[in-house]
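Convention: sequence-line order gives letters A, B, ...; per-chain numbering from 1.
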There are 2 protein chains.
Amino acid sequence: MPRDAETPGAAVGSPLAVRMDDVAERARVSRATVSRVLMGTARVSEATQVRVLDAMRELGYVPNTIAQGLAARRTDLVGLLLRDPRNPAYGLLHAEVQTEAARHGLQLISVVPTPTEGVEDELAGLRRLLGLRVGGLMVSTGVIRAADLEPFLDAVPVVSVGRIEEHPGIYGVSYDEDTNAAIVAGRVAEAGHRSVAVIIPDIRVSTAENRRGLGMAADLEGRGLDVHRVEANSFGTNVDGYDDVVSLVRAGSITAALFPSDWRALGFLDRADAEGLRVPEDMSVTGIDGVMPGIERMGLTSLRIPVREVAVRGVEVLDRMVRDRGSVEIRHERFPGTFLPGRTLGAPPPH
Amino acid sequence: MPRDAETPGAAVGSPLAVRMDDVAERARVSRATVSRVLMGTARVSEATQVRVLDAMRELGYVPNTIAQGLAARRTDLVGLLLRDPRNPAYGLLHAEVQTEAARHGLQLISVVPTPTEGVEDELAGLRRLLGLRVGGLMVSTGVIRAADLEPFLDAVPVVSVGRIEEHPGIYGVSYDEDTNAAIVAGRVAEAGHRSVAVIIPDIRVSTAENRRGLGMAADLEGRGLDVHRVEANSFGTNVDGYDDVVSLVRAGSITAALFPSDWRALGFLDRADAEGLRVPEDMSVTGIDGVMPGIERMGLTSLRIPVREVAVRGVEVLDRMVRDRGSVEIRHERFPGTFLPGRTLGAPPPH
DNA sequence: CTGAAAGCGCTTACAG
DNA sequence: CTGAAAGCGCTTACAG
């Protein structure tokens, strides 16, 4: 029966309205044969193949991925649940993951949560991807907990990229936040600071930043420094804790502030300007990430996280899991970054 | 018939393996009724509704979007084809579009092409989205031509965001690149420069950058300045043309270089440093975009494009088109940006 | 190498 | 208000 011209979402005459049956008819073969050519799996005679390919091209056929997925009970689609794309670290990760996915023949679709919303919104994004029944899932940093993922681990392989992961059912390819924290803390201590502030966001705001903050504080205390822990518990803003830091500096209680991200550190540098605080003469400031374009120009002392390595490895692992789940033993890998010297870390001011 | 335990992609016991029939059975209703509750369209008795909702929750049911889309011949999914996520302008756009889509109840999925590949790769991304039979499409800046989109316009509404658009079948919500170019050019001229370089990428590299470059050159020539057009035709790199600019400065032929993006301008500042050229004492440099985090700190003279306005308007229009195509008359809107003063534009050096 | 037919998990007239 | 049934556009055993 010919299709109704009213079929929504696929106007007649449009390539999107062309179905496999149309291709089959034009190529004078059965639908099954067209499918075989499309899949590239079964043997099809040379002549038939050419006819089918020609018909596809002539009609501008775009296979309906939806129907393919439903019929085959599988997809080449893999999903990426990405955190805040405004953050250059995630923007870069996004690009690298796509590049690698393409190399591996995986079709990447991405979902980003609304940056200013919390865990509920991230879960909605997760369901969007799961509803599409993606063949694999990459979860980038964010506030989704392993427990939220747990119910789905039997059905879909999950790789955590760039976020701390310790769940035994989730492969982890992360930045080594503890080592990173220790590297930055070590440099600050070596510069001679004895009393510093460390900005520590709540774990619900960012698991990575939380871990970095805690790591820096622990490391510095281990070295005998006096550490003021400054909480930053608001979601989607970087100004949290600035007031406290300024007060501490003014009171002569600290000579340096260690931020868990460049974003927070740079925001503070503007604030310091506004307050008339000179960096590094009056106080030192450090960040972490080191991937912002032009970071060297800004002179922020930071640590560069290995985004590309993490993307390459993450996709490699997911690809293996998608193809043969059993062949991959779950591990939690961590990649440390490299110190990025800058002009915002100096010796403490003489008092 | 109970499902085979081998069903791939949906292990038994996982919520992803739960089908609507399972929910129906547990709630002691028909599949049709479950569907009605899920859709929220038809009337269902209070009691039945509660039973169905309970069953869904107890089983952890995640509706199969694939099957829904196939059966309903429509989707709430809208696709965003985004250009290079490493570019902060697109990262910001991505975040804003998602925020707006969520407000409008649209489910956004994004596809990014591999940054270093060309138009073929972007077309593959387009097909990925079309294969999913998204209900609407937002196309961000990139090298895809209107002609590539044309065959699909009958079937799916398309809104161009942040990229020049002139096709009568595609709604355009763009940056006003011509005005933007004129603004920057005007400031350079006012600063007293009489001979400058304008970096002009090929249209296949970036339609937006191409337009900006041509616009700046035309405006300056209109003002009687001597303009050296520097081509930049490589894909995925910002260093193209740097050699030429350095030579022109060394030869005393120009006193300023106008780049069509901050990315290119910042890259050049590093090069200038390496060459021992002081900015703005020896030469002036300008960019365009103004959305990079910390841009003020870097001091680059630039122009800030109105990303949020474009995202808000683009999603608003797409939403209307998705709901009732006929209600929207195609237009091409343009939003100008605002000048961003910096330290890299000064008076020309005395010779 | 090729086709007829069942079935993927849903939605939606069509009846009641 | 609810159910039985057709059908969305495909893939894939099963036969030949």
Between [options], which one does the side chain of [X] approach most closely?
X: A:Ala72; options: C:dG9, D:dT12, D:dT2; value: D:dT12
X: A:Ala32; options: C:dA4, C:dC8, D:dC10; value: C:dA4
X: A:Ala67; options: D:dC10, D:dG7, C:dG3; value: D:dC10
X: A:Gln68; options: D:dC10, C:dG3, C:dG9; value: D:dC10
X: A:Thr48; options: C:dT11, C:dG7, C:dC1; value: C:dC1

Can you measure [X] atom [atom1] to [N] atom [atom2] for me and round it to whole angstrom units?
X: A:Leu70; N: D:dT12; atom1: CG; atom2: C1'; result: 13 Å
X: A:Arg51; N: C:dC1; atom1: CZ; atom2: C1'; result: 12 Å
X: A:Leu130; N: C:dG9; atom1: CG; atom2: P; result: 16 Å
X: B:Asp21; N: C:dT11; atom1: CG; atom2: C1'; result: 13 Å
X: A:Gln49; N: C:dT2; atom1: CD; atom2: C1'; result: 13 Å
X: B:Leu132; N: D:dC10; atom1: CG; atom2: C1'; result: 14 Å
X: A:Arg73; N: D:dC10; atom1: CZ; atom2: C1'; result: 11 Å
X: A:Leu59; N: D:dG9; atom1: CG; atom2: P; result: 15 Å

Base partner of D:dA13, which must satisfy Watson-Crick or wobble distances under 3.5 Å
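None - no nucleotide pairs with D:dA13, as no candidate has both distances under 3.5 Å.
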Strictly by Watson-Crick or wobble contacts shorter than 3.5 Å, is anything paired with C:dA4, and which nucleotide is it?
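Because no pair has both required distances under 3.5 Å, C:dA4 counts as unpaired.
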Determine whether a donor-acceptor pair (N or O, by modelled atom type, separation under 3.5 Å) exists between the side chain of [X] and the backbone of [Y].
X: A:Ser35; Y: A:Arg31; value: no
X: B:Thr75; Y: B:Arg133; value: yes
X: B:Glu122; Y: B:Pro113; value: no
X: A:Ser174; Y: A:Arg163; value: yes

Closest-nucleotide mapping onto DNA chain C: is A:Arg43 or B:Asn64 further toward the 5' terminus? I mean the 5' end.
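Between the two, 5'-proximity favours A:Arg43.
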Ignoring hydrogens and angles, answer whether the base of D:dT11 and the side-chain atoms of A:Arg31 contain a donor-acceptor pair closer than 3.5 Å.
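Under the 3.5 Å cut-off, the side chain and the base do form a donor-acceptor pair.
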If you take atom types as modelled and just measure distance, does the side chain of B:Arg36 reach the base of D:dG3 with a donor-acceptor pair under 3.5 Å?
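In this structure, the two groups form a donor-acceptor pair.
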OP1, OP2 of C:dG3 versus side-chain N and O of A:Thr33: anything below 4.0 Å?
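A:Thr33 to C:dG3 OP1/OP2: side-chain N or O found under 4.0 Å.
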Phosphate contact (C:dC10 OP1 or OP2) by B:Tyr61 side-chain N/O below 4.0 Å
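Indeed, a polar side-chain atom of B:Tyr61 lies that close.
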Could you walk me through whether B:Tyr171 and B:Glu165 pass side chain to side chain donor-acceptor pair (under 3.5 Å), step by step?
CA-CA 8 Å; B:Tyr171 204 107; B:Glu165 188 56 71; over 6 Å; no
Salt bridge or not between A:Arg51 and A:Asp54? Use side-chain N to carboxylate O under 4.0 Å.
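No, no charged N to carboxylate O under 4.0 Å.
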Identify whether any heavy atom of B:Ser35 sits under 4.0 Å from a base atom; if not, whether one sits that close to sugar-phosphate; answer base, sugar-phosphate or nothing.
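Since a base atom lies under 4.0 Å of B:Ser35, the category is base.
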When all nucleic acid strands are considered with a 4.0 Å heavy-atom cut-off, which category describes A:Ser45: base, sugar-phosphate, or nothing?
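Sugar-phosphate, backbone atoms only, no base.
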